[in-house]
Colleague: 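I have a structure I would like to understand better, so I am pasting it below and will then ask my questions one at a time.
First the proteins, then the strands, lettered A, B, ... as listed; each starts at 1. In this text the structure is predicted, and so the values were computed from the model without any measurement.
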There are 2 protein chains.
Amino acid sequence: MAYTIKDVAKAANVSIATVSRILNGQTGYSLKTKKKVLEIIEEMGYQPNAIARGLINKKTHTIGVLFPFLSGALVTELLRGIEKAASAHGSSVIVSHTESDEEKTMKYLQLLSEKRVDGIIFTSEVMTKQYYEFIKIMNVPIVLLSTKSEVFPIPYVKVDDFEAAYSATEYLIKKGHTEIGMISGPDTDMIAGKPRIEGFKKALQDHQISFDDKNIVIREGFMFTEGKFGMLSMLDQKPDVTAIFAASDEMAIGAMFTAYQFGINVPDDISIIGYDNINIASMSIPPLTTVQQPFMEMGESAGHMLLEMMETDQLSESRILKHSIVERKSVKEKI
Amino acid sequence: MAYTIKDVAKAANVSIATVSRILNGQTGYSLKTKKKVLEIIEEMGYQPNAIARGLINKKTHTIGVLFPFLSGALVTELLRGIEKAASAHGSSVIVSHTESDEEKTMKYLQLLSEKRVDGIIFTSEVMTKQYYEFIKIMNVPIVLLSTKSEVFPIPYVKVDDFEAAYSATEYLIKKGHTEIGMISGPDTDMIAGKPRIEGFKKALQDHQISFDDKNIVIREGFMFTEGKFGMLSMLDQKPDVTAIFAASDEMAIGAMFTAYQFGINVPDDISIIGYDNINIASMSIPPLTTVQQPFMEMGESAGHMLLEMMETDQLSESRILKHSIVERKSVKEKI
DNA sequence: TTGTACGCGTTATCAG
DNA sequence: CTGATAACGCGTACAA
C-alpha cells in the first residue's frame, strides 16, 4: 500500500498540516522543516493521492472527450491536440466512444458525471436536447469540437465548412474549370454535409455557373467507398465534368480510384480537390490537392478553451479556425 | 452542487447506510423502503460520487494507456479495442502521449499513479528498467501491447513479427519470385525492426535464396517518406528485384509512389507486399496486398487481460495474436 | 430491518 | 511557524 501524508508526517515528526502546506507551496513553515519533509518524501517515494484531493477540492483535473467514431486519422489528430492542451495544464483526458448511439452517449455522460470530470469536449456530433440538459445538470463546462449547435449556447471550435467548400470550389473555378461536380456526404448532415453543399452552390452561383442536380451526387457517408461509387454516378450523370470537389479526402481518393479504373487521368482529364488534408492526402497518386482543416490545432484550441472555462466559469468565445488550400498535384489548370 | 447520499437519506427519511445498501445491491432492507429510496433518487437525479467511492474502495475503475505517438490509423484501432474492453467492464481509459520521451513518460506514470488508476497498458515502446521499477512500486497490473519485454515479467499482446515477416516473404516466394528485396525500418528497433528483418532472412534462407546487403534497405522509420526513398535505394542497389516486402503499409505505399514515378508498374513489373493492413491499404492503386495485424482485437485483448489481472491479482498469459495475409492487387505471380 | 459512527487521504480553518 | 480537527461523500462494522 502506498504511503499517505500521515506516514510522512510521522516520519518527519511534524503534523500532516505542515506536510500539506509544504506540498501545496503554501506559506507557514521554516526552511529547515521544509527540507526535512521533502527529504523524507523523496526517501519514502510518497505520492499524494489525487482521489482524496479531488474529493475535497472538487476538482479532478480530468476532462472527458466524446467521440462518435474512434477511427480515422482525423480523430487521432483531434485527440492529440486535446491531450496536448490538457497535459500542459496538468489534466488528464478520458476518451469515450459513443458510436453515435444515443443510449451509449448517455451512458458515457453518466459515467463522466459520476467520475466528476472537470469538463467535457463533445466532438463531431450533433448536440441533442437530452445531452444538453444532462450536461447542464452536471454543471461542468463543455465545448463543441468540429461541430456546433444552433439552438444551445455552447462555444465551439471548428472551421467554417461553408467558407471552406466555397474556397475549394472557387479554386477550381479560378483554374478555369466550368464543368464542376461535387461528390458530397449526406445533405441531412447539418454539420459536415449541408454547409459544404451550400458553399459549393454559392461559389458556382457567384461565378455565373449554372447549377442543377447533375452537378452533385449525394452519398450516405464520407468514406472511401462512397467516393468510389460517387464518382461512378458523377461520370454517368455529368460526362463532361472536368473538375470535382469531394467532401472528404477519403472520398476524393475513392473518386481517383474509379477514375483510374476508367482510364481517366487525374489531373489531365479531370481535376479533383479533397477536404480535410489527412495524412493519406499526400500519399495518393497523384498527391491530393485539398482543403486543410487544422485538426491538431482545433483539438488544442478546444482543450484550452475548456480549461479557460473551467477557470473563469464563463462561456468562452467560439473559434472558427482558418482552413487553407494545400496545393499538390490533383488539380490542373483548364486550358 | 450535486446531491449527496445524505440528501437522499434525508429526503427519504432513512439513514445513509440504508441508501448505500440499496445502491450497492446489498441485502437488509424492506422492499418498501427500497422503492421509496429509488424513487427519490430518480426524482432528485442523484448520482453517486465515484471519487468518494474510489477513496474508500481503492478502486477508480480507470485504466491508463501510454502511447508513444498519437497519430496514425494504428493507434486509433488499438485505442478502440482498449476502450471497448474497458467500457464493457465499466471502466474508463485515460490516454497519455509520451512522444517516446523518457521524461514525459515518467511524468505521465507519475500522474497516473497519483490518480490511482487500476492498471496500465503500455504500447508500442520498449519497457525500460526505470519505467518498470516505477510501475512495480505503483503496485498495479500492467500489460504490454504491440511490444514485449525480454527482461521483465510482463504479459504482452502482439503478433509474432518474425513469423509475420516470414509469411510475407514466403508468400512472395510462392508466387515464384526469387529476386526479393525488403524495405525495412531501423534494425536497432528490437520490436518492429529486427524481428521482421530476421523473418525475412529466414524465409529466403529456407528456400535457398541467397541473401546479402543488396536485398535490404534499412531506413530510420516506418513512414511514407521512408518507403519512398527506400524504394529509390532498392532500385539502385538491386535493379533486378521483382518483389518487395515493406515493413509497413505506409512504406509500401511510399515504395509504390516511387515505382510510379519511374514508370514501373505494380504489380506487373514489381510486386509489393506491405505490413499492418491499416485502412489506407485498401485505398491505394493498386490496392495493397499486406500482412494484417488485428489491431482492434489486440487492443481489446490487452484490455481484457488487464481487467483480468486486476481481478485475479496474478500475471496473465501473454497472447500472440494471429496475423494473416490479405490478398489484394499489388502482388502478382512471377512467370 | 435499520441507524450510528468511524475511516479512506486530503485540504483548510482555527487556535496556539 | 505549527498542530489539532472538521470537512469532502461514501462504505461498512457494529449496535439497536
Colleague: Please confirm whether the shortest side-chain N or O distance from Thr18(A) to OP1 or OP2 of dG3(D) is below 4.0 Å.
Modeller: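 True: Thr18(A) side-chain N/O within range (under 4.0 Å) of dG3(D) OP1/OP2.
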
Colleague: Which whole-number value in Å describes the distance from Ile22(B) CD1 to dG11(D) C1'?
Modeller: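 Going from CD1 in Ile22(B) over to C1' in dG11(D) covers 14 Å.
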
Colleague: Between the two end axes of the helix from dT1(C)-dA16(D) to dG16(C)-dC1(D), each built from 5 base pairs, what angle do you get to the nearest 10°?
Modeller: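 Here the helix ends are tilted 50° relative to one another.
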
Colleague: For DNA chain D, find the residues of residues 36-44 of chain B with a heavy-atom distance under 4.0 Å and give them by number; none if there aren't any.
Modeller: none

Colleague: Please check this pair: side chain of Thr312(A) against backbone of Glu308(A), looking for a donor-acceptor N/O pair closer than 3.5 Å.
Modeller: yes

Colleague: Tabulate below the donor-acceptor pairs under 3.5 Å that side-chain atoms of residues 73-86 of chain B make, not counting sequence neighbours, or state none.
Modeller:
from     : atom 1 : to        : atom 2 : distance (Å)
Thr76(B) : OG1    : Gly72(B)  : O      : 3.4
Thr76(B) : OG1    : Ala73(B)  : O      : 3.1
Glu77(B) : OE1    : Arg80(B)  : NH2    : 3.1
Glu77(B) : OE2    : Arg80(B)  : NH2    : 3.4
Glu83(B) : OE1    : Tyr108(A) : OH     : 2.9
Glu83(B) : OE2    : Tyr108(A) : OH     : 2.7

Colleague: Take nucleotides 7-16 of chain C nucleotide by nucleotide from the 5' end and write B, S or -, depending on whether a protein heavy atom sits under 4.0 Å from the base, only from the sugar-phosphate, or from neither.
Modeller: BBBBBB----

Colleague: Using a heavy-atom cut-off of 4.0 Å across all strands, would you classify Thr33(B) as base, sugar-phosphate, or nothing?
Modeller: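 Answer is sugar-phosphate: Thr33(B) comes under 4.0 Å of backbone atoms only.
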
Colleague: Answer with yes or no whether the side chains of His89(A) and Glu311(A) bring together a donor and an acceptor at under 3.5 Å.
Modeller: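 Present: a donor and an acceptor within the cut-off.
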
Colleague: Starting at CD1 of Ile51(A) and ending at C1' of dC10(D), how long is that distance when rounded to a whole Å?
Modeller: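 Value for this atom pair: 13 Å.
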
Colleague: Give a yes or no answer on whether the side chain of Asn24(A) reaches the backbone of Arg21(A) with a donor-acceptor pair at less than 3.5 Å.
Modeller: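 Checked: no pair found.
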
Colleague: Parallel, tilted or perpendicular, judged at 30° and 60°: which one describes the rings of Tyr131(B) and Phe122(B)?
Modeller: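 Tilted.
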
Colleague: If you look only at distance, which donor and acceptor atoms sit under 3.5 Å apart when one is on a side chain in residues 92-99 of chain B and the other is two or more places apart or in another chain?
Modeller:
from     : atom 1 : to        : atom 2 : distance (Å)
Ser92(B) : OG     : Lys115(A) : NZ     : 2.5
His97(B) : NE2    : Leu70(B)  : N      : 3.3
Thr98(B) : OG1    : Phe67(B)  : O      : 3.2
Thr98(B) : OG1    : Ser100(B) : N      : 3.3
Glu99(B) : OE1    : Lys104(B) : NZ     : 3.4
Glu99(B) : OE2    : Lys104(B) : NZ     : 2.8

Colleague: Atom OH of Tyr29(B) to atom P of dT12(D): distance rounded to whole Å?
Modeller: 13 Å

Colleague: To the nearest Å, give me how far apart CD (Glu114(A)) and P (dC10(D)) are.
Modeller: 10 Å

Colleague: Is a donor from one side chain sitting under 3.5 angstrom from an acceptor on the other, for Glu125(A) and Thr147(A)?
Modeller: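 Side-chain D/A pair, Glu125(A) to Thr147(A): absent.
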
Colleague: If you measure from CG on Leu109(B) to CD1 on Ile137(B), what distance do you get to the nearest 0.5 Å?
Modeller: 11.5 Å

Colleague: What residues in residues 7-14 of chain A put a non-hydrogen atom under 4.0 Å from any atom of DNA chain D?
Modeller: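 Heavy-atom cutoff 4.0 Å gives Asn13(A), Val14(A).
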
Colleague: Is the distance between the ring centroids of Tyr3(A) and Tyr46(A) under 6.0 Å?
Modeller: no

Colleague: For a quick test of reading the model, state the closest non-hydrogen atom pair linking Met310(B) to Asp118(B) and the distance between them.
Modeller: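 Between these two residues, the closest heavy atoms are CG-O, 3.4 Å.
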
Colleague: Over all heavy atoms of both residues, which pair between Leu145(A) and Gly299(A) is shortest? Give the atoms and the distance, please.
Modeller: CD2-CA, 3.9 Å

Colleague: Hey, which of Lys322(B), Met298(B), Arg319(B) is the one that makes side-chain contact (heavy atoms from CB on, under 4.5 Å) with Val159(B)?
Modeller: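 Only one option passes, and that is Met298(B).
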
Colleague: So, for Leu38(A) and Ile22(A), which heavy atoms are closest and what is the spacing to 0.1 Å?
Modeller: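 Shortest heavy-atom separation between Leu38(A) and Ile22(A) comes out as CD1-CG2, 3.7 Å.
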
